[in-house]
Number of protein chains: 2
Amino acid sequence: MKLTKRGEYALRALIGLGIARESGAPIVRIRDLAEKENIPVKFLEAILIELKTAGFLESKRGKQGGYSLAKPADRISIGDVIRKIEGPLAPIACVSQTCYERCSCPDEAHCGLRMVMLEVRNAVARILDAYTLKQTVDAMMRKMREDSVSIPFLSGTEARDSKPLGELAPK
Amino acid sequence: MKLTKRGEYALRALIGLGIARESGAPIVRIRDLAEKENIPVKFLEAILIELKTAGFLESKRGKQGGYSLAKPADRISIGDVIRKIEGPLAPIACVSQTCYERCSCPDEAHCGLRMVMLEVRNAVARILDAYTLKQTVDAMMRKMREDSVSIPFLSGTEARDSKPLGELAPK
DNA sequence: GTAATACTCTATCGAATCAATAGAGTAACA
DNA sequence: TGTTACTCTATTGATTCGATAGAGTATTAC
């Protein structure tokens, strides 16, 4: 029942890039993203390449380069990301929709464990497939606004042509 | 999001012992349980000791010995078993009720990932804490009866003083 | 009481996964 | 044309996973 660091970092990176996009500065350097999200740079590098290969991100080399979302944030579901990075959502392969595999129990059709785990997998999938990156980012920003916290989409480096969201009340 | 073999075997063993109890032959040998559930004997040994230490099982040595449930099946929740064997239900430590731990994100209070994962952990816990071993066993036996399948609580070894459930229609 | 039985303990195993780091290489922009 | 920043390959130590081996010990039936 566990999300690995790899998966956690992947999702936090995507969310970070979602915020960056929303903020009008969609392209972010690995280094900046790593610093902002407290993720080891080299580890993040590998994860971003994986996310790019999976079609979630695109990259630009050279000066002013970096990573950005490859598609609108409302077309990326958390569930799909986790499936790509971590594998199936199901806690046990015999209830997986995407990666079914028979297990060692003597009678799958009447396995009590399977019945329970099927409910779990459905509940998890219902949540994670419903949540898009956009919804997640929006919920985050809403909460920050409620608490009057400034949105630090590109804090750290002042450089780059970033336009801070005007309507936010700082402090 | 994964249940390990250890956890799977533990739950299947408990369910097996739940059926055995229901069937009037509550004490089952490791060897028989392993054979019935397709679990490696030596691996199961270790798991049963763990379940005993955790208070779910009790054991009897010598002839006619074996393992049995230490308490009624409706006082054992699937969630508690998994917590003992696998650890916290939460996919990420920062949303765990039982084993909270701060994660590396810069602002936990406004972390979008955390919001999503909190929903997942609550959904999972709601299911797993509601299901007792008894409910699981009952659901299983009901389904078997529906499909007119005999309940094989002690198949394999004919020996021991087992009373087969009379009302079941074989084949 | 004693032998068979069945749980208990310690130890070890290879394989796989996890989390992270190092360093050289290459495309692109100013 | 040099700096920038992504890309690729390789390796690392630690931990967990799944499983097995074998000796030891308590209990019961006879």
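Here is the naming used below: chain letters follow the sequence lines, and residue numbers restart at 1 for every chain.
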message: Measure CD1/I27(B) against C1'/dA29(D) and give the value in whole Å, please.
response: 15 Å
message: One thing to verify: whether R83(B) and D129(B) come together as a salt bridge, which I'm taking to mean a side-chain N less than 4.0 angstrom from a carboxylate O.
response: yes
- request: Residues of residues 52-63 of chain B with any non-hydrogen atom less than 4.0 angstrom from an atom of DNA chain C: list those, numerically ordered, please.
  value: K52(B), S59(B), K60(B), R61(B), G62(B), K63(B)
message: Just the rounded figure in Å: distance from C1' of dC6(D) to CG of D32(A).
response: 13 Å
All side-chain contact (heavy atoms from CB on, under 4.5 Å) counterparts of T53(A), not counting sequence neighbours: I49(A)
message: Expressed as a whole number of angstroms, how long is the span from Q64(A):CD to dT4(D):P?
response: 12 Å
field: Whole-Å gap separating C1' (dT7(D)) and CD (E50(A))
entry: 14 Å
- request: With sequence neighbours excluded, tell me which residues meet ring-ring contact (aromatic ring centres under 6.0 Å, His included) with F56(B).
  value: none
- prompt: Using a cut-off of less than 4.0 Å, is there contact between a side-chain N or O of R31(A) and OP1 or OP2 of dA5(D)?
  reply: yes
Using residues 104-111 of chain B as the side-chain source, report each donor-acceptor pair under 3.5 Å to any protein atom, sequence neighbours left out, with the distance given to one decimal.
unit_1, atom_1, unit_2, atom_2, d
S104(B), OG, R12(A), NH2, 3.3
D107(B), OD1, A109(B), N, 3.3
D107(B), OD1, H110(B), ND1, 3.3
D107(B), OD2, H110(B), ND1, 2.6
E108(B), OE1, Y100(B), OH, 2.9
E108(B), OE2, Y100(B), OH, 2.8
H110(B), NE2, D147(A), OD2, 2.7

task: Could I get the full list of salt bridge (charged side-chain N to carboxylate O under 4.0 Å, His left out) partners for R142(A), not counting sequence neighbours?
output: none
statement: Winner on side-chain proximity to I49(A), out of dC8(D), dC7(C), dG18(D), is dC8(D)
- prompt: Heavy atom of residues 79-97 of chain B under 4.0 Å from DNA chain C: which residues?
  reply: none
Whole angstrom value for the distance that separates P of dA20(C) from NZ of K5(A): 7 Å
message: Can you see if the side chain of Y9(B) gets near the phosphate of dG18(D) - specifically, an N or O under 4.0 Å from OP1 or OP2?
response: no
query: Which pair of heavy atoms, one from S68(A) and one from P26(A), lies closest together, and at what distance?
result: CB-O, 3.3 Å
- request: Just grab all the salt bridge (charged side-chain N to carboxylate O under 4.0 Å, His left out) pairs involving residues 39-48 of chain A, residues at least two apart or on different chains.
  value: K42(A)-E45(A)
field: For Y67(B), ring-ring contact (aromatic ring centres under 6.0 Å, His included) partners two or more places apart
entry: none
statement: Taken to the nearest whole Å, CG/L51(B) to P/dT8(C) is 12 Å
query: When you match I30(B) and L3(A) each to their closest nucleotide on DNA chain C, which lands nearer the 5' end?
result: I30(B)
- line: Numerically ordered, the residues 38-47 of chain A set in heavy-atom contact under 4.0 Å with DNA chain D is K42(A), E45(A)
Acceptor/donor pairs from residues 115-127 of chain A side chains to any protein atom, 3.5 angstrom cut, sequence neighbours excluded:
unit_1, atom_1, unit_2, atom_2, d
E119(A), OE2, Y131(B), OH, 2.5
N122(A), ND2, L118(A), O, 3.4

- line: Sorted by chain and residue number, the ring-ring contact (aromatic ring centres under 6.0 Å, His included) partners of F43(A) (sequence neighbours excluded) come out as Y9(A)
query: Can we say E50(B) and R6(B) salt-bridge, meaning some charged N sits less than 4.0 Å from an Asp/Glu carboxylate O?
result: yes
field: Residues forming a side-chain contact (heavy atoms from CB on, under 4.5 Å) with K134(B), sequence neighbours excluded
entry: E22(B), A73(B), D74(B), T132(B), D138(B)
message: Can you see if the side chain of Y67(A) gets near the phosphate of dA5(D) - specifically, an N or O under 4.0 Å from OP1 or OP2?
response: no
- request: Taking only the side-chain nitrogens and oxygens of T4(A), find out if one of them lies under 4.0 Å from OP1 or OP2 of dA19(C).
  value: yes
d(CZ, R6(B); P, dA19(D)) in whole Å: 11 Å
